[in-house]
Amino acid sequence: MQILDIIQNLSPSSFCFPPADVGLASFITPLPFNPIKLICLVIWVYLCLFFVQRIQFSPLVPYKYKPAAYIITLFTGPILMLILLIVDTAKRASQSNVSISEIIKLHIQQAITNIRSGDSKRRHKKSAIRLLDSSGRSIDDIYGHGDKKRQDSRVLDLTEKVISDALERQASDILIDPKDEGTYTIRLRIDGVLRTVEELRADTCKAIVNSIKAVSSMDISEKRRPQDGAFIAKKSGTTASFRVASAGVLNGEKLSIRVLNQNAGTFTLADIGLAKKQYSIIKNAIKKPSGMVLICGPTGSGKTTTMYSMLNEIDRFTHNVITVEDPIEAMLPEASQIEINPKADITFAKTLRSVLRQDPDVICVGEIRDEETAEIALRASQTGHLVLATIHCDSNATALVRLLDLGISPLLLSSGLSLLHSQRLLRRLCTYCKQPAQLSQHLINKFQSKGIEYTNIFEATGCRRCEDTGYSGRTAVCDLLVITDRLKADIANSKISIAELRTEEHKKDKSHMRKEGLKKVAAGITSLEELKRVVG
Ligand SMILES: [Zn+2]
């Protein structure tokens, strides 16, 4: 009976540990059990039984030593395996910050879970998240039910785990790419910073990539040509959308998954971290019935969230609000949202033209990318429509340069624009672990000379709550440029040359932003290092 128990506990499933927690999962060593190893295990069991029998009848072993001999024979194998496991765990732990005890604890927990529940039962219990393609088919439907191989179920578990983890940690992007021939890394961009959360064997990760490509309606057999796709995930009553892009790279295939910010539609202007004066300037600009408010910033600087928060200040019951986006990031009640699709020839410019025929009060342009879109949007802003738009630019000055470079006439630009808003996102210090900063005398003198309060400056430390980063959440730091009548005249008369804008104004923008950022540092919201990292 004892031997049977041991054999049962040594069944392959007890050693194939699926990751318990992303992050720690990479340190759990699945003892790889292929058929050959299974045969070895069976042979070993037979050998054990054989030796037990020999000991029982052997005159060489004295009677009083027989129990000890039985124990040694029966337990040599498991003890050897245990030693192997401990040595391997210690090796992994030495390469990471996770302690041996923590890894062993995870091993034991996972082994118990595996023994207690069957594999299929476990899958259904665990999967609180459902991945669906654009037509609403679940990942299980795509792969088929019934004779699903165990490996498939494990891959689907892992895929769901990766997506679920990204949502829980509020990541904006998931990157899956080959590190070398045998390993893939899974990274998450959280608060604008990439973090490696997992390193997996290439074959496992390739299967995950395939399952994501399948649910995103992409061609699984095409590994080299870049492809685009999308899928949605349903988790505890909420729906999140994902945009997927694949590309063949050295050693395999890279997958970039963008998590669309579902919370973006719930932000108000008061939430994004504006100074009082900035708040009232924006309020004034969006109260006007016409003019363009242009939001500038690089990728990931929160332009869309700011645009949504401006829209949330507008009464959408009494105004006809139409948005043209690529893609629609969040649902806005009482607004008509249109998603462009360049593949189907539904471009920003074409859609904007049709929108103008629908009697809009407020038009939102997801992103100005070309001259045609810029021109239609600016003309609309002159003719009794409030236009909110974003442009991929470093600063307010470079946005003006970019529009002029696109071929927009200075006259149109000056009469259409009402406000330029550029922004960056600074990570907020974790309130649980921030520590008063140790400032050098030089810095204190600098703060004193500028009249900045320096007694409330903190620095990042790191704790369990912020995953040792020292930061949690983000706040915007903005710079506004109101297009006054004088500025309008200067732009229209081309008094401000492009060269001047490129150098002087750009520098001014940067220093404005730094000044705003310093106020947040002085208030203990963010750190000096973070300000330096983002604004320079
Ligand atoms: Zn913390």
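Atoms within a ligand are numbered from 1 in the order they appear, just like the ligands themselves.
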Q: Can you see which heavy atom on Met307 is nearest to which on Gly366, and at what distance?
A: CE-CA, 4.3 Å

Q: With distance as the sole criterion, is a donor-acceptor pair present between the side chains of Thr475 and Lys520 under 3.5 Å?
A: yes

Q: So if I apply the side chain to side chain contact (heavy atoms under 4.5 Å, CB included) rule between Cys205 and each of Thr183, Leu200, Leu158, which one comes out positive?
A: Leu200

Q: Does Lys254 NZ have over 12 foreign heavy atoms under 6.0 Å away?
A: yes

Q: Is it the case that the side chains of Thr306 and Ser309 hold a donor-acceptor pair, with the cut-off being a distance below 3.5 Å and no angle test?
A: no

Q: Using side chain to side chain donor-acceptor pair (under 3.5 Å) as the criterion, list what pairs up with Arg137, not counting sequence neighbours.
A: Asp133

Q: Pull up every protein N/O/S atom sitting under 2.8 Å from the Zn ion (ligand 1), skipping waters.
A: Cys430 SG, Cys433 SG, Cys463 SG, Cys466 SG

